[in-house]
Amino acid sequence: VASPMDSWLALRGLRTLSLRVEKASQTALSLAQFLQTQPLVTRVHYPGLPSHPHHDVAQRQMTMFGGVLSLELPSQAHAMALA
C-alpha cells in the first residue's frame with residue numbers, strides 16, 4: 001500500500017507525463033536525424049525515421065515514436081572511443 005506522500009508524488013508525476021513523453025519523442029527524433037548525418041555512424045535505428053524498415057507500421061500505430069533509439073558504429077574501437 002502506497003503512503004499518502006508516495007500517492008501524491010505519483011499523481012503529480014502523472015500530470016506532466018504526456019508533456020515529458022512528447023518532449024522525449026521530439027528530442028529522440030532530432031537526435032536520430034542528426035546522427036544520420038554523421039560519417040562515423042553507419043546506421044540509426046529509430047521508428048520515426050523514414051529509413052527505418054518498419055516506419056510505415058509505426059506511423060499507423062503511433063502518434064509519437066518514443067524516446068529510445070540505437071545506432072551502429074563501424075567498429076568496436078569506434079564504440080570504445082565514443083564511450
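No hydrogens, no waters, no symmetry mates; every other heavy atom, side chains included, goes into these values. Model, not experiment: these values are computed from the prediction.
Looking at every heavy atom in both residues, A58 comes nearest to P47 through CB-CB, 3.8 Å. Considering every non-hydrogen atom in both E72 and H45, the closest pair reads OE2-NE2, 2.6 Å.
Under a 3.5 Å cut-off, the side chain of T16 and the backbone N or O of L19 do not form any donor-acceptor pair. Distance alone, capped at 3.5 Å, places no donor-acceptor pair between the Y46 side chain and the G67 backbone.
A centroid separation of less than 6.0 Å is found between the aromatic rings of F65 and H55.
Note that CD of Q36 is 11.0 Å distant from CG of L71, once rounded to the nearest 0.5 Å. One distance of note links CG of L82 with CE of M80; it measures 10.5 Å at 0.5 Å rounding. Atom-to-atom distance recorded for R20:CZ and T27:OG1 is 13.5 Å, nearest 0.5 angstrom. From R43, atom CZ reaches atom OG of S70 across 9.0 Å, with rounding to the nearest 0.5 Å.
Other members of the cluster containing M5 are W8, L9, with ILVMFWY side chains joined at under 4.5 Å, either directly or via other members.
Hydrophobic clustering (side-chain heavy atoms under 4.5 Å, transitive across Ile, Leu, Val, Met, Phe, Trp, Tyr) keeps M64 apart from L29.
Of the candidates L35, L69, V44, V44 is the only one forming a side chain to side chain contact (heavy atoms under 4.5 Å, CB included) with L49.
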Q33 and T37: side chain to side chain contact (heavy atoms under 4.5 Å, CB included), yes or no, with the steps? CA-CA 7 Å; Q33 290 169 336; T37 67; over 6 Å; no

